[in-house]
There are 2 protein chains.
Amino acid sequence: MAVSDVEHLIQLLAKLPGLGPRSARRAALYLIKRREALLVPLARALTDAADAIRTCSVCGNLDTRDPCAVCTDPKRDASIVCVVEDVADMWALERTVAFRGRYHVLGGTLSALDGVGPDDLNIPALVARVRGGDIKEVILATNATVDGQTTAHYIADALAGTGVAVSGLAHGVPVGGELDYLDEGTLSAALKARRPVS
Amino acid sequence: MAVSDVEHLIQLLAKLPGLGPRSARRAALYLIKRREALLVPLARALTDAADAIRTCSVCGNLDTRDPCAVCTDPKRDASIVCVVEDVADMWALERTVAFRGRYHVLGGTLSALDGVGPDDLNIPALVARVRGGDIKEVILATNATVDGQTTAHYIADALAGTGVAVSGLAHGVPVGGELDYLDEGTLSAALKARRPVS
């Protein structure tokens, strides 16, 4: 291929998660053929994102303003804070429309293997935020993995003296899930946390 | 989600082939987190592509100059022209490094159903190019589909009076392919076109 500009574009697209070299080639060609409809708008959207998006200094969310729209929304309950590992987890919770409090994005999990300690994450800021004032409950919504649960335990310990209520997401059978396909850990957690049928 | 800039970026990314809404979300987040390493370079590469890439007036290839690098390369044999449906097919042939002639990109196939006639494709330009001069052989490398083969037949007819040699790609067993998994059409084509083993 002689076209170095196209080659360069393909190499960059191939770095996106979900796109390999072959699909990056397809995507590049697709973009070039749809210059006005897609290529130019996407170039502009990326430039805008690079210029405008910053990390919220309160919660760690990504937004065009700081503090972010979630932190400044007066309709949201400032007394409940949901702690998540990543902005993607926050988006997942937002899609449920079941939570109207605020968030705190850690930016990862504690990991002895990868050398990630509490100070590498957004944990000191969370402790300061809780000590600072009006928060009544902290929901630990880290992933149900070993690292996620370790991080949740660490945060629960760090918040122990503050008098704030600390809760975690419920474990159990996924909605629409079949028992036959569930792992033993989830099933025994669901059994242990069984509820009276009203 | 309150972040309309991010939302807009996700919607555009989701239009790329191979990316659905969920993977577009992942890609957007991946980009925003890698601002300097990926987001800014990709925005620039897309802007460059939008500004610079044009269609070659000779062969229909996409390049930053017109005529394109393939058409102006003095090391390539101008007497052989390989006719392909799409720029992606041309790229696939270039990756083989087995062809050192020039190309002609049709931009699709004839299709009565979709109302695509010869004048909607790059066919008149091909006929004019062949009548114009030094071309000795035209290789029809359209896809081995019904539409591709119909288009190849049409082009062969259109070039009938020009005295140029017209050839097509060989059909047969793919290299590394197992007979057991091949369709009957390919196998009988391979049988019919059998060659003496030297």
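Every chain is numbered from 1 and lettered A, B, ... according to where its sequence line falls, protein lines coming before strand lines. Note that these values count all heavy atoms, side chains included, but never hydrogens, waters or copies made by symmetry.
A donor-acceptor pair under 3.5 Å is absent between the side-chain atoms of A:R100 and the main chain of A:R76, judged by distance alone. For the pair B:Q149 (side chain) and B:N143 (backbone), a donor-acceptor distance under 3.5 Å is present.
Chosen from B:T47, B:L38, B:V87, the residue pairing most often with chain A at heavy-atom distances under 4.5 Å is B:L38. When each of A:A52, A:A50, A:A27 is scored by its heavy-atom pairs under 4.5 Å with chain B, the top score falls to A:A50. Chain B forms the most heavy-atom pairs under 4.5 Å with one residue out of A:I32, A:V40, A:D73, A:D48, and that residue is A:I32.
Contact between B:F99 and B:E94 at its shortest, heavy atoms only, is O-OE2, 3.9 Å. The heavy-atom pair separating B:T151 from B:L110 by the smallest distance is OG1-N, 3.0 Å.
Proximity to chain A (any heavy atom under 4.5 Å) is shown, for B:A49, by both the backbone and the side chain. Only the side chain of B:D86 comes within contact range of chain A, judged by heavy atoms closer than 4.5 Å. Heavy atoms of A:L42 lying under 4.5 Å from chain B belong to its backbone as well as its side chain. Proximity to chain B (any heavy atom under 4.5 Å) is shown, for A:A88, by both the backbone and the side chain.
More than 12 heavy atoms of other residues, nucleotides or ligands sit less than 6.0 Å from atom CG of B:D183. Heavy atoms from other residues, nucleotides or ligands lying under 6.0 Å from CZ of B:R26 number 12 at most.
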